[in-house]
Amino acid sequence: MSCHKSYITTPIYYVNDVAHIGHAYTTIIADTLARYARLIGQDTFFLTGTDEHGQKIEEAAKKRGKDTQAYADEISAKFRELWDEFDISYDKFIRTTDADHMKGVQKAFSVMYDRGDIYKDTYSGHYCISCETFFPQTQLVDGEFCPDCGKQTSIVEEESYFFRLSKYQDRLLEWYRDNPECILPKSKRNEVIRFVEGGLNDLSITRTSFDWGVKLPERFNDPKHVMYVWLDALMNYVTALGYGTDEAKMDFWPARVHLIGKDILRFHAIYWPAFLMSLDLPLPKHIGAHGWWTRNGEKMSKSKGNVVNPKEVADAYGLENFRYFMLREVPFGGDGDFSQRALIDRINSDLGNDLGNLLNRLIGMSSKYFEGRVECDLVEKYYKTELDELQVSLDKLEPYIFELQLHRYLEELWRPLTIANRAIDKYQPWTMIKEGKTEETMALNGLIATILAKVSLMLHAVMPKTTTVIANALGFEITPESFNKIIRNGEILEPFVTQKREPLFPRIEEQLLEEKSIEESKEEPKKENKPKEEKEADNIALIGIEQFFEVSLKIGTIVEAQEVKKSKKLLLLQVDIGEDRPRQVVAGIKEWYSADELVGTQVCVVANLKPAKLMGMKSEGMLLAAKDSDGLCLIRPEKPKAVGTPIS
Ligand code: MSP
């Protein structure tokens with residue numbers, strides 16, 4: 001480990017909504033790294049917080065009829081409370097409305113200006129409020145929709161200050177080239193390089209269309225401008241250390257790792273290093289971009305009502321089990337699908353069978369044969385092969401953690417448990433004891449205790465409380481000192497006496513949460529006020545037959561089909577349902593059907609839906625389909641039927 005200071009950050013979360021599983025994921029990864037860094041004796045600073053300025057927040061407050069600052073206070077406090085309940089070991093919780101932060105952002109603006117990196121001009125462009133980003137016409141979908149989130153953009157013409165991003169293009173490329181691990185996983189670095197090689201435009205870094213933001217420093221005498229939220233937000237990573245005010249903590253800079261989701265990689269891997277270059281500050285060591293959590297393969301969103309609430313899950317299944325699951329289940333950088341089944345399997349199998357049972361076996365055998373006593377001094381004499389094997393696994397572990405390969409870390413950490421469980425089956429202590437091999441049996445228990453001790457130390461950052469219980473059962477405490485002794489110096493455990501205890505991971509037989517209850521977001525408007533689609537997603541209500549007949553379902557034949565360019569999901573179909581002209585239907589089925597194979601086939605069409613616009617195209621109906629984990633299939637009549645035949 002080359003560096004002795006570890007500064008670890010999460011993104012700062014927007015206060016337009018409460019935390020969901022994605023926020024919990026980033027925060028839990030960061031917390032794990034911070035705990036690990038502390039345990040190995042590094043001087044660690046772990047930062048999280050909330051991002052509170054910008055038009056999106058202003059609008060969210062307005063929608064709820066609240067004062068913007070009061071609204072930001074309320075949601076920011078909810079994030080903080082959740083992290084406290086989750087025992088997140090942050091050292092500072094920053095808010096972009098903190099006075100010190102705002103001073104630091106103003107200082108940065110001045111420094112960049114004095115460097116010649118900021119100039120004033122007029123900007124006319126397409127702006128996406130949701131992403132708080134301008135996009136050139138060429139990047140828009142169908143000339144008007146945001147390429148990132150698909151929402152409608154609006155044309156904004158403003159006087160603006162610009163940051164000379166283009167000036168930093170070559171230096172950025174050099175940085176990516178010279179630091180192969182600056183962006184993790186490495187595959188993501190290539191995406192960034194390609195983007196930057198495509199050319200960088202200067203960046204508009206102030207807005208005049210709203211005023212919920214950091215004002216420019218007074219010397220500019222330009223009160224109608226506020227700073228662009230991303231300049232404001234990214235600066236949190238250094239203002240939290242006192243940049244521009246009390247710089248005492250700046251020796252933690254540069255960050256060891258900024259943890260983020262893949263959707264905000266461009267801001268962190270391009271804008272942020274360019275800002276730092278302009279400020280003459282060192283660049284972060286790593287930017288780690290994780291993937292997305294989905295639900296039944298779909299992106300989570302409020303309108304779909306499928307957002308997983310992390311607190312519900314942690315309350316039902318145990319916070320630490322949830323932490324283990326999230327880190328073990330998905331390779332860092334990849335997307336992961338949340339399901340209770342997968343969580344239960346991890347708890348019963350990895351935690352219950354492999355880890356929990358091993359401790360039970362040790363307690364059982366030591367109380368049966370040695371009145372609970374366990375001694376480790378003869379382990380090396382009898383079980384050298386197993387100890388060597390154990391060391392091979394342990395040696396592989398540390399690099400994984402700071403390469404952010406936490407799933408591999410945990411996978412490798414489970415090998416020692418297999419070594420222990422295998423040794424019991426192989427040497428059969430119940431036979432050894434009968435044969436009078438008392439020393440060998442005690443040494444075997446010592447081997448199991450040694451393995452459990454090392455695993456609990458290495459697992460501590462992921463499951464702090466559980467591993468503390470295991471360590472107590474083995475007669476030691478988890479501290480940087482014990483880590484040093486047992487892991488680094490290979491010292492053996494002091495003799496100890498085991499006590500009977502409740503199982504650590506009681507088996508879970510069935511799902512503990514109703515599917516819908518994990519998804520309920522506490523911030524939603526009351527059910528009565530919800531749009532119809534959301535109401536329906538919440539529960540299956542009983543309806544009368546008359547209500548069913550309100551839906552007009554008809555047999556249709558697809559007469560034309562084509563792909564919607566720039567869309568991964570949509571096909572544009574013309575469906576004959578026996579009217580004077582075919583209906584145009586925009587269907588999200590491209591992942592499962594090609595345009596060609598659909599032409600001439602029959603489908604079931606909802607014929608009396610209000611027309612809707614999807615990516616700028618009118619859609620005059622909907623096709624019935626069924627989707628499960630294997631994918632989607634269209635519902636079709638069993639035999640060909642005349643077009644327009646009603647379905648009932
Ligand atoms: N405020 C900005 C970050 C500024 S950092 C200087 C922001 N905030 S956010 O609240 O919208 O998102 C914060 C993080 O949550 C992002 O890293 C994002 O990737 C992550 N996630 C949001 N939804 C997610 C999932 N469904 N799954 C995993 N993480 C996701 O962006």
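As the structure lists them, so they are numbered: ligands from 1, and atoms in each ligand from 1.
- Salt bridge present: Glu74 and Lys66 bring a charged side-chain N and a carboxylate O closer than 4.0 Å.
- Residue contact check: Ala233 has heavy atoms under 4.0 Å from atoms 6 (C) of ligand 1.
- Close contacts of ligand 1 with Asp51, meaning ligand atoms under 4.0 Å from a residue heavy atom, involve 1 (N), 2 (C), 4 (C).
- Taking the centre and axis of the six-membered ring of Phe46, the NZ or CZ atom of Lys92 falls outside the cone set by 45° and 6.0 Å.
- Here Trp230 has side-chain heavy atoms under 4.0 Å from ligand 1, and that is the only part of it that gets that close.
- Taking atom 23 (N) of ligand 1 as the reference point, the nearest protein heavy-atom neighbour is His20 CE1, 3.0 Å.
- Every heavy atom of Trp272 sits 4.0 Å or more from the atoms of ligand 1.
- Both tests pass for Lys5 against the ring of Phe252: distance under 6.0 Å to the centre and angle within 45° of the axis.
- Counting only non-hydrogen atoms, the option in Leu231, Leu259, Ile57, Ile12 that gets closest to atom 2 (C) of ligand 1 is Ile12.
- Every atom of ligand 1 is numbered from 1 in the order shown, and the set under 4.0 Å from a heavy atom of Tyr13 is 10 (O), 13 (C), 14 (C).
- Of the polar atoms of Gly261, at least one N or O is found under 3.5 Å from an N or O of ligand 1, judged by distance alone.
- Considering every non-hydrogen atom in both Lys215 and Gln106, the closest pair reads O-NE2, 2.9 Å.
- The Gly291 neighbourhood of ligand 1 comprises atoms 28 (C), with distances under 4.0 Å to a heavy atom of that residue.
- A cation-pi geometry, defined here as NZ or CZ lying under 6.0 Å from the six-membered ring centre and within 45° of its normal, holds between Lys107 and Tyr243.
- Ligand 1 lies less than 4.0 angstrom from a heavy atom belonging to His23.
- Contact atoms of ligand 1 toward Gly22: 24 (C), 25 (C), 27 (N), 28 (C), 29 (N), 30 (C) (distance under 4.0 Å to a heavy atom of the residue).
- The residue from Thr32, Thr466, Ile29, Asp87 that alone fulfils the side-chain contact (heavy atoms from CB on, under 4.5 Å) condition with Arg323 is Thr32.
- The minimum heavy-atom distance between Ile344 and Ile508, with the atom names listed, is CG2-O, 3.6 Å.
- Looking only at distances, no side-chain donor or acceptor of Asp51 sits under 3.5 Å from a matching main-chain atom of Tyr13.
- Counting protein heavy atoms only, atom 31 (O) of ligand 1 is closest to Ile264 CG2, 3.6 Å.
- Those atoms of ligand 1 with a heavy atom of His290 less than 4.0 angstrom away are 28 (C), 29 (N).
- Under the 3.5 Å distance criterion, the side-chain polar atoms of Glu247 are matched with a main-chain donor or acceptor of Gly244.
- The distance from ligand 1 to the heavy atoms of Ile260 drops below 4.0 Å at these ligand atoms: 17 (O).
- Contact annotation for His268 and ligand 1: only side-chain heavy atoms (C-beta onward) come within less than 4.0 Å of the ligand.
- Nearest to atom 5 (S) of ligand 1 by heavy-atom distance, out of Tyr237, Phe79, Phe267, is Tyr237.
- Heavy atoms of Tyr25 found under 4.0 angstrom from ligand 1: none, in either backbone or side chain.
- The closest donor-acceptor contact from the side chain of His286 to the backbone of Glu181 lies under 3.5 Å.
- For atom 25 (C) of ligand 1, the closest heavy atom belonging to the protein is Trp292 CE3, 3.2 Å.
- With Phe338, Tyr14, Trp293 as candidates, the residue nearest to atom 27 (N) of ligand 1 on a non-hydrogen basis is Trp293.
- Phe402 carries Arg256 over the face of its six-membered ring, with the cationic atom under 6.0 Å from the centre and within 45° of the normal.
- Using modelled atom types, no side-chain atom of Gln55 and backbone atom of Phe210 make a donor-acceptor pair closer than 3.5 Å.
- Less than 4.0 angstrom separates some heavy atom of Asp263 from each of these atoms of ligand 1: 18 (C), 19 (O).
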